[in-house]
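Keep in mind that the numbers below use all heavy atoms, side chains included, and drop hydrogens, waters and symmetry copies. Count residues from 1 along the sequence.
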Amino acid sequence: MTAAQDTRPHAAAKPVRWAADTVAMVREGARVRLDYSAQSLWRVDRMIEDIRREGPPHGAVQSALRGFGAYAGEVIVRQTGAEWWATGGEYWVRTPDGRIWDPIDEARRAYGGHGSLRLLCRDAATAR
């Protein structure tokens, strides 16, 4: 663990763990490497789309969607210098310009066919 991660807010602990678990899961299960780059979110969006096409119920994929969203949030944190925030068991990312992003909900929206983690990251990285 790097010194930067040692000083991260407590709110980051769970989503950072979910993201790391997701990286390991897709590396082992799907043989896909995720490197926390914005470009890797293309692969994540495609994986979510593939899962959606298979048609499992939302409850069966809820944990995976949370992990994909946490991964996207961690990409935003690393790309923009954002921070994880939490309240009431919900987690979101606040970019340095003060904007709030909900990558975990965006993963759920992507599963429903109405969201994109790649586009969320692009929008978050675009300064106002």
Side-chain angles (χ1 to χ4, degrees):
M1 190 171 272
T2 65
Q5 289 175 323
D6 289 339
T7 62
R8 292 180 76 175
H10 179 67
K14 284 186 179 180
V16 168
R17 181 76 236 158
W18 296 332
D21 289 348
T22 297
V23 168
M25 174 190 68
V26 300
R27 183 181 60 236
E28 298 300 319
R31 302 239 187 259
V32 173
R33 291 189 56 88
L34 298 177
D35 60 4
Y36 293 95
S37 68
Q39 294 80 12
S40 70
L41 293 174
W42 282 92
R43 289 187 292 276
V44 174
D45 277 345
R46 280 196 307 265
M47 285 187 279
I48 292 172
E49 176 63 23
D50 290 346
I51 293 168
R52 185 170 70 84
R53 271 187 268 183
E54 291 174 10
H58 189 304
V61 296
Q62 199 164 2
S63 179
L65 294 175
R66 181 187 67 196
F68 287 136
Y71 174 78
E74 193 58 17
V75 170
I76 293 168
V77 165
R78 294 177 184 203
Q79 296 285 317
T80 68
E83 290 184 321
W84 281 101
W85 287 67
T87 185
E90 297 292 321
Y91 296 86
W92 64 90
V93 172
R94 183 171 184 231
T95 49
D97 61 7
R99 293 183 292 167
I100 303 293
W101 306 90
D102 191 343
I104 295 172
D105 186 57
E106 190 68 13
R108 292 181 196 117
R109 290 175 37 76
Y111 182 69
H114 307 291
S116 167
L117 295 173
R118 175 185 58 84
L119 295 178
L120 180 78
C121 181
R122 184 199 66 190
D123 291 348
T126 304
R128 268 193 181 180

Nearest-0.5 Å distance, SG of residue C121 to CD of residue Q39: 8.5 Å
CG on D105 to CZ on R66, rounded to 0.5 Å: 14.5 Å
Linked, directly or transitively: I100 and V93 (ILVMFWY side chains, under 4.5 Å): no
ILVMFWY cluster, L65 and V75 together (side-chain gap under 4.5 Å): yes
Donor-acceptor contact present, side-chain Y71 to main-chain Y36, <3.5 Å: yes
Distance in Å, R108 CZ paired with Q62 CD, rounded so as to fall on 0.5 Å steps: 6.5 Å
Within 6.0 angstrom of R31 CZ, more than 12 heavy atoms from elsewhere: no
For F68, the option from L41, I51, V61, D45 that meets side chain to side chain contact (heavy atoms under 4.5 Å, CB included): I51
Qualifying residue for side chain to side chain contact (heavy atoms under 4.5 Å, CB included) with W101, from T80, V77, L120: L120
Exercise: identify the closest heavy-atom pair between R43 and R33: NH2-O, 3.2 Å
Heavy-atom donor-acceptor pair, Q79 side chain to S37 backbone, under 3.5 Å: no
Candidate pair M47 and L34, rule side chain to side chain contact (heavy atoms under 4.5 Å, CB included), full reasoning: CA-CA 12 Å; M47 285 187 279; L34 298 177; 4.3 Å; yes
Path from W92 to L117 over hydrophobic side-chain contacts below 4.5 Å: no
Exam field: side chain R122 to backbone A38, donor-acceptor pair closer than 3.5 Å: no
Side-chain heavy-atom pair R109, D102 within 4.5 angstrom cut-off: no
Side-chain donor-acceptor contact under 3.5 Å, E74 with W84: yes
Minimum heavy-atom distance between P103 and G73, given as atom pair plus value: CG-CA, 3.5 Å
Donor-acceptor contact present, side-chain R99 to main-chain A124, <3.5 Å: yes
Pairing of E49 and R52 as salt bridge, 4.0 angstrom limit: yes
Lys/Arg N to Asp/Glu carboxylate O, D50 vs R46, below 4.0 Å: no
